[in-house]
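Structure, as structure tokens:
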Amino acid sequence: MWITRRNRYGRRCGGRRTHTRRTRGQTQRLVRLWTAAAIILLALAAAFLLLRGGARPGFKEGDLLATVNSGGDVELHWPESDNPSALYEVEFTCGGTQGTRLCSLPSLRLSGLPEGEALEVQVRALVNRKGFLGRSRRVAGWKTLRTALVLPKEPEVPAEAADLPDGGDLALTYQETAPRLCALEWNGIQCHHFEVQRRTGEDWETVARLTPGEHMRHDLGRLVSGSWNRYRVAAVEADGGISRAEEVSFWASVDPLYATVWPIENMNFWENPGGGEKLGSIPGGTALCVLAEEGKWFRVRHEEEYGWIDSRYCMINLPEYVGDHCAYDITNSYDSLFAVHGTAIRQVTHQVIPGYEQVRTADGRFLVPYLYPCAQKLLTAALAVEEDGLRLKIYEAFRPREATRFCYDTTEKQMNDPVESGGTLSRLMTDNGRFHLGSFLARTISSHNRGIALDLTLENSGGELEMQSVIHDLSWYSETYRNTPNAKLLAGYMTAVGMTGLSSEWWHFQDDETRKAIKLNSALDKGVSPEGWTQDDGGWRYRDAAGRYVRSTAMTVDGRTYTFDKEGYAAG
């Protein structure tokens with residue numbers, strides 16, 4: 001007999017215990033459901049990885065290598081990343097010293113580490129990726145390169161080295177092992193120790209002390225582009241006396257690596273040289289550091305991103321590129337020479353011109369921005385000048401438009417003022433109207449504002465060569481029809497490389513060829529400063545507007561907090 005009852009769901013069921021059987025169709029639907037769920041989970045995981053940074057950077061084949069040079073510094077080298085946009089995070093521990101460095105090249109130099117301690121180093125490749133809401137984040141690779149070594153202690157310098165020659169020539173030579181990377185080599189002789197000394201001004205500065213050996217070598221590191229270097233190796237006896245010394249002088253090669261550049265206009269910022277993903281725009285006048293050059297492109301860092309900009313529209317700091325091939329004295333930054341044949345222009349002569357406040361850094365050095373293609377021409381002229389035993393001396397390159405407006409407007413108000421010699425400032429300047437104020441000071445935009453003009457002269461070991469007037473004499477006495485032989489010589493050097501002059505100023509030359517070739521119409525209103533990130537072989541450092549490195553503190557830059565050591569190198 002069947003008894004009808006209801007189950008807990010309110011459904012009728014018989015008295016017998018029932019079993020639910022899935023049909024084949026139901027099983028297939030369930031399999032498809034689980035498969036779809038798995039695919040969705042995989043897609044979500046892939047999207048998560050992409051949002052967190054996408055494919056992680058790796059390294060090409062090779063190992064992290066660490067060597068100790070003759071100066072006691074540790075030289076680190078590792079294979080490049082397989083991602084051309086990657087930078088590198090280097091973490092190291094040595095005794096009680098710990099640190100982290102960021103760099104864009106696969107090499108680093110560590111200085112000042114304690115002797116005799118174990119050094120452990122690890123390197124990871126990093127890339128910047130955009131995640132949610134376009135926010136940039138730093139993504140590290142899965143692989144970490146590691147190495148370790150024990151730093152040697154400086155040995156006790158022996159009283160003598162009996163197995164070495166007693167006297168003889170050191171045969172000191174130098175060699176450039178890579179662009180601007182130089183080393184000294186010489187023969188070992190009997191002495192207490194060797195000192196490697198660098199000429200600074202009128203003095204010799206000791207940069208290394210070395211134990212005598214059969215063959216001696218000292219790495220000088222990466223020198224300033226275009227710098228003139230003078231080194232000496234001295235054999236020093238136990239009593240401190242020098243028994244033998246030889247010196248060598250040489251030029252470092254010229255290249256833009258690590259030089260400061262400023263875009264002359266707002267520039268597109270690209271992932272790759274010449275294209276790829278657009279990373280954003282960099283405002284004109286922003287201080288950047290050149291990390292590499294490829295064709296007409298510079299690799300730079302901007303707001304935590306690494307990418308490429310068109311070098312043709314960048315002004316480069318001449319002392320960091322042309323180096324000692326020219327001399328520099330940007331008087332507008334501390335004591336302007338603008339005057340009218342000995343008559344001062346009120347608020348201009350002997351003043352700091354607006355826009356030049358930050359081009360003379362705290363250590364007394366000058367920033368001299370000049371458009372990069374023009375700088376390459378200038379180098380050609382400078383080398384020709386050197387062959388004749390002379391040197392170019394630059395008084396002005398880039399001039400901000402605010403300085404142009406200030407000088408013109410301030411001088412214009414004084415043109416009818418009387419002068420001691422009789423007449424007015426206008427008559428003294430323009431030869432009674434044959435010229436006009438605009439012959440010397442631009443009314444609106446000048447070639448200086450575009451970064452393509454230079455004010456310069458010639459000098460020899462005795463000082464500046466005599467011209468028909470002093471430089472920046474804003475008067476008809478400076479006209480080129482009155483050129484002295486020295487002024488004609490200067491004009492010959494500059495016009496030979498494609499520069500053109502002004503009939504009113506013997507010192508002024510501009511590169512109209514480059515302006516037309518790249519169709520440059522931009523000009524900067526404001527002056528530049530050194531403030532921003534700069535790199536060298538030791539890592540990244542941050543400079544303030546006075547050119548001082550941030551040291552021994554923590555500071556937030558571009559939304560990220562960095563810790564700066566006593567040398568100014570950043571970790572974070």
Side-chain angles (χ1 to χ4, degrees), residues 318 322 324-332 335-345 348-349 366 368 370 374-375 377-399 404 407 411 421 427-442 446-448 451-515:
L318 290 178
V322 176
D324 296 327
H325 292 293
C326 292
Y328 313 92
D329 189 5
I330 311 303
T331 53
N332 285 339
D335 184 17
S336 177
L337 298 180
F338 286 148
V340 182
H341 205 58
T343 298
I345 305 171
V348 175
T349 308
F366 296 107
V368 190
Y370 191 46
C374 308
K377 290 185 178 181
L378 173 66
L379 177 61
T380 301
L383 295 177
V385 171
E386 281 176 4
E387 291 181 0
D388 294 336
L390 303 170
R391 185 165 68 160
L392 295 173
K393 184 175 182 179
I394 298 172
Y395 277 89
E396 190 172 11
F398 166 68
R399 180 189 299 169
T404 295
C407 290
T411 305
S421 59
R427 181 171 182 176
L428 179 63
M429 174 186 290
T430 68
D431 194 21
N432 201 26
R434 192 162 59 89
F435 284 82
H436 53 87
L437 176 59
S439 302
F440 308 99
L441 295 171
S446 76
S447 55
H448 282 287
I452 63 170
L454 288 172
D455 292 348
L456 74 171
T457 188
L458 291 170
E459 68 174 15
N460 58 21
S461 58
E464 296 181 19
L465 303 191
E466 185 176 357
M467 306 293 181
Q468 63 264 32
S469 74
V470 296
I471 198 165
H472 287 170
D473 177 2
L474 308 182
S475 77
W476 66 275
Y477 291 92
S478 303
E479 296 168 354
T480 55
Y481 88 90
R482 304 180 72 247
N483 269 4
T484 62
N486 290 333
K488 292 177 181 177
L489 180 63
L490 172 64
Y493 289 126
M494 302 307 293
T495 56
V497 296
M499 305 283 189
T500 56
L502 292 179
S503 62
S504 55
E505 298 176 351
W506 59 261
W507 58 78
H508 177 102
F509 296 91
Q510 59 193 55
D511 189 358
D512 293 322
E513 288 181 350
T514 291
R515 179 187 173 184

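Just so we're clear, the structure is a prediction, and the values are computed from it rather than from any experiment. What's counted below: heavy atoms across the whole structure, side chains too, no hydrogens, waters or symmetry copies. The chain is numbered in sequence order, starting from 1.
A distance-only check finds a donor-acceptor pair linking the side chain of T484 to the backbone of A487 [under 3.5 Å]. Remark: side-chain polar atoms of D431 are not paired, donor with acceptor, to backbone N or O of R434 under 3.5 angstrom. Judged by distance alone, the side chain of R391 and the main-chain N or O of E459 form no donor-acceptor pair under 3.5 Å. Judged by distance alone, with hydrogens and angles left aside, the side-chain atoms of N486 form a donor-acceptor pair with the main-chain N or O of E466 at under 3.5 Å. Listed for the T349 side chain is a donor-acceptor partner under 3.5 Å among the backbone atoms of I345. The main-chain N or O of L474 is never found under 3.5 Å from a side-chain atom of H341 such that the two would form a donor-acceptor pair.
D473 and S475 share a side-chain donor-acceptor pair at under 3.5 Å. T331 and D335 form no side-chain donor-acceptor contact under 3.5 Å, judged by distance and modelled atom types alone.
Taking both residues in full, the closest heavy atoms of K377 and E513 are given as NZ-OE1, 2.9 Å, listed atom of the first, atom of the second, then distance. Considering every non-hydrogen atom in both L454 and M494, the closest pair reads CD1-CE, 4.4 Å. Across all non-hydrogen atoms, the minimal contact from A442 to T404 is O-CG2, 3.4 Å. Looking at every heavy atom in both residues, L428 comes nearest to W476 through O-CD1, 3.3 Å. Of all heavy-atom pairs between D329 and Y395, the closest is O-CD2, 3.2 Å. Between T411 and L441, the shortest heavy-atom distance links the atoms OG1-CD1, 3.7 Å.
Under the rule for a side-chain hydrogen bond (donor to acceptor under 3.5 Å, both in side chains), R515 has no partner lying at least two apart in sequence or in another chain.
Taking the six-membered ring for Trp and thresholds of 30 and 60 degrees, F435 and F440 have ring planes inclined between 30 and 60 degrees apart. In this pair, H472 and F338 present their aromatic rings tilted. The plane angle is within the 30 to 60° band.
For the atom pair OG1 (T480) and CD (Q468), the distance works out to 8.0 Å, reported to the nearest 0.5 Å. Annotation: the span from Q510 atom CD to S446 atom OG amounts to 8.5 Å, rounded to 0.5 Å. Within the model, atoms CH2 of W507 and CG of L502 stand 9.5 Å from one another, a figure rounded to the nearest 0.5 Å. The CZ atom of F509 lies 9.0 Å from the OG1 atom of T500; values are rounded to the nearest 0.5 Å. Between the CG atom of L378 and the CD1 atom of I394 there is a distance of 5.0 Å, given to the nearest 0.5 Å. Atom NE2 of H508 is separated from atom CE of M499 by 10.0 Å, given to the nearest 0.5 angstrom.
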Worked verdict on L490 versus N483 for side chain to side chain contact (heavy atoms under 4.5 Å, CB included):
CA-CA 10 Å; L490 172 64; N483 269 4; over 6 Å; no
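Atom CZ of R427 has 12 or fewer heavy atoms from other residues, nucleotides or ligands within 6.0 Å.
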